[in-house]
Amino acid sequence: MEENISEMLKHLDNILVKINLLSKNTISELKYNLEDLEKVKNIITHFKDILKNKKNIFLIDLEKLKEISNIIFELNCDNLFSSSTDYISNELYAFKFLLQEKMERKENCDERTRD
């Protein structure tokens with residue numbers, strides 16, 4: 001598996017671990033909506049499936065990515081950027097950065113093969 005993909009999977013796994021802790025109420029001082037957390041978990045699990053099965057990276061729905069970004073941003077704001085929510089936010093940012101980098105490389109590769 002390509003190094004970039006494994007790093008992306010690692011960031012997604014880190015988000016899931018922290019969100020699972022939140023959903024199990026082990027970090028009780030934080031404010032969150034369980035339905036939102038479940039939505040984030042489902043979308044991230046779907047993204048992981050795409051990456052693990054070496055499907056086309058462009059199958060990652062950028063609208064869904066934006067949706068979970070907004071949920072995580074609100075979660076972080078609602079909790080005054082606590083270490084837990086800030087960690088989730090940073091992991092998502094790292095994933096998005098790697099995804100953008102991978103998509104740009106793939107587009108450049110595809111353009112060169114068409115010429």
Side-chain angles (χ1 to χ4, degrees):
M1 187 178 294
E2 204 175 309
E3 181 184 330
N4 202 356
I5 298 292
S6 63
E7 285 182 50
M8 292 168 72
L9 286 167
K10 186 178 103 180
H11 291 298
L12 293 176
D13 282 335
N14 291 342
I15 294 168
L16 286 175
V17 166
K18 217 40 136 169
I19 287 183
N20 281 330
L21 289 173
L22 280 175
S23 352
K24 292 177 183 167
N25 206 19
T26 58
I27 308 173
S28 59
E29 75 277 4
L30 299 178
K31 296 181 260 178
Y32 54 88
N33 178 314
L34 275 175
E35 288 176 17
D36 285 344
L37 294 183
E38 211 41 53
K39 183 182 288 189
V40 170
K41 286 193 316 190
N42 290 336
I43 292 171
I44 287 178
T45 301
H46 179 68
F47 289 171
K48 282 181 57 178
D49 180 54
I50 291 170
L51 295 173
K52 280 182 179 178
N53 293 311
K54 296 183 181 181
K55 295 179 183 171
N56 186 341
I57 194 123
F58 290 102
L59 292 176
I60 291 179
D61 186 336
L62 298 181
E63 285 301 313
K64 291 286 184 191
L65 182 57
K66 183 177 179 180
E67 182 179 358
I68 64 170
S69 293
N70 290 339
I71 291 170
I72 289 172
F73 176 77
E74 289 299 319
L75 175 70
N76 207 8
C77 286
D78 290 348
N79 289 286
L80 304 173
F81 301 90
S82 76
S83 60
S84 294
T85 59
D86 207 37
Y87 176 83
I88 293 168
S89 182
N90 289 337
E91 288 295 318
L92 182 64
Y93 177 81
F95 168 76
K96 287 167 51 174
F97 176 80
L98 292 172
L99 177 64
Q100 179 181 354
E101 196 175 70
K102 179 87 172 143
M103 286 179 156
E104 286 173 358
R105 264 192 262 135
K106 179 125 174 75
E107 281 179 344
N108 290 337
C109 244
D110 290 347
E111 284 177 10
R112 277 185 254 144
T113 58
R114 281 183 276 190
D115 292 339

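Quantities reported herein were computed from a predicted structural model and do not represent experimental measurements.
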Shared hydrophobic cluster, [X] / [Y] (ILVMFWY, side-chain heavy atoms < 4.5 Å):
X     : Y     : result
Val17 : Ile71 : no
Tyr87 : Leu98 : no
Leu62 : Ile44 : yes
Ile88 : Leu34 : yes
Ile43 : Phe97 : yes

Nearest 0.5 Å, please: how far is [atom2] in [Y] from [atom1] in [X]?
X     : Y     : atom1 : atom2 : value
Ser89 : Lys18 : OG    : NZ    : 13.0 Å
Leu22 : Asn79 : CG    : CG    : 8.0 Å
Asn14 : Ile19 : CG    : CD1   : 11.0 Å

For residues [X] and [Y], report the shortest heavy-atom separation together with the two atoms involved.
X      : Y     : result
Leu30  : Ser82 : CD2-OG, 3.5 Å
Phe95  : Leu65 : CE2-CD1, 4.0 Å
Met103 : Phe58 : O-CZ, 3.7 Å
Asp61  : Phe47 : O-CZ, 3.7 Å

NZ/NE/NH1/NH2 to OD/OE distance under 4.0 Å, Lys41 and Glu38: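 Between Glu38 and Lys41 there is a salt bridge, with a charged N closer than 4.0 Å to a carboxylate O.
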
Using the side-chain hydrogen bond (donor to acceptor under 3.5 Å, both in side chains) criterion, which residues pair with [X]? Sequence neighbours excluded.
X      : value
Glu104 : Gln100
Ser69  : Lys96
Asn53  : Asp49
Asn33  : none

Which residues share a salt bridge (Lys or Arg N to Asp or Glu O under 4.0 Å) with [X], sequence neighbours left out:
X     : result
Glu7  : none
Lys10 : none
Lys39 : Glu67
Asp13 : Lys48

Does Lys64 reach the side chain of Ile68, with side-chain heavy atoms less than 4.5 Å apart?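 No; the side chains remain at least 4.5 Å from each other.
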
Side chain to side chain contact (heavy atoms under 4.5 Å, CB included) between Leu51 and Leu12, worked out: CA-CA 10 Å; Leu51 295 173; Leu12 293 176; 3.9 Å; yes

Derivation and outcome, side chain to side chain contact (heavy atoms under 4.5 Å, CB included), residues Ile5 and Leu9: CA-CA 6 Å; Ile5 298 292; Leu9 286 167; 4.1 Å; yes

Name all residues meeting the side-chain contact (heavy atoms from CB on, under 4.5 Å) criterion together with [X]; count only those two or more places apart in sequence or in a different chain, and write none if there are none.
X     : answer
Leu80 : none
Thr45 : Leu16
Leu59 : Ile50, Lys55, Asn56

So for atom CZ, which belongs to Phe81, do other residues, nucleotides or ligands contribute more than 12 heavy atoms lying within a distance under 6.0 Å?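 Yes.
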
Return each pair, listed once, that meets salt bridge (charged side-chain N to carboxylate O under 4.0 Å, His left out) where at least one residue sits in residues 68-91; pairs must be two or more places apart or across chains.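 Counting only pairs at least two positions apart or across chains, no salt bridge (charged side-chain N to carboxylate O under 4.0 Å, His left out) contact touches residues 68-91.
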
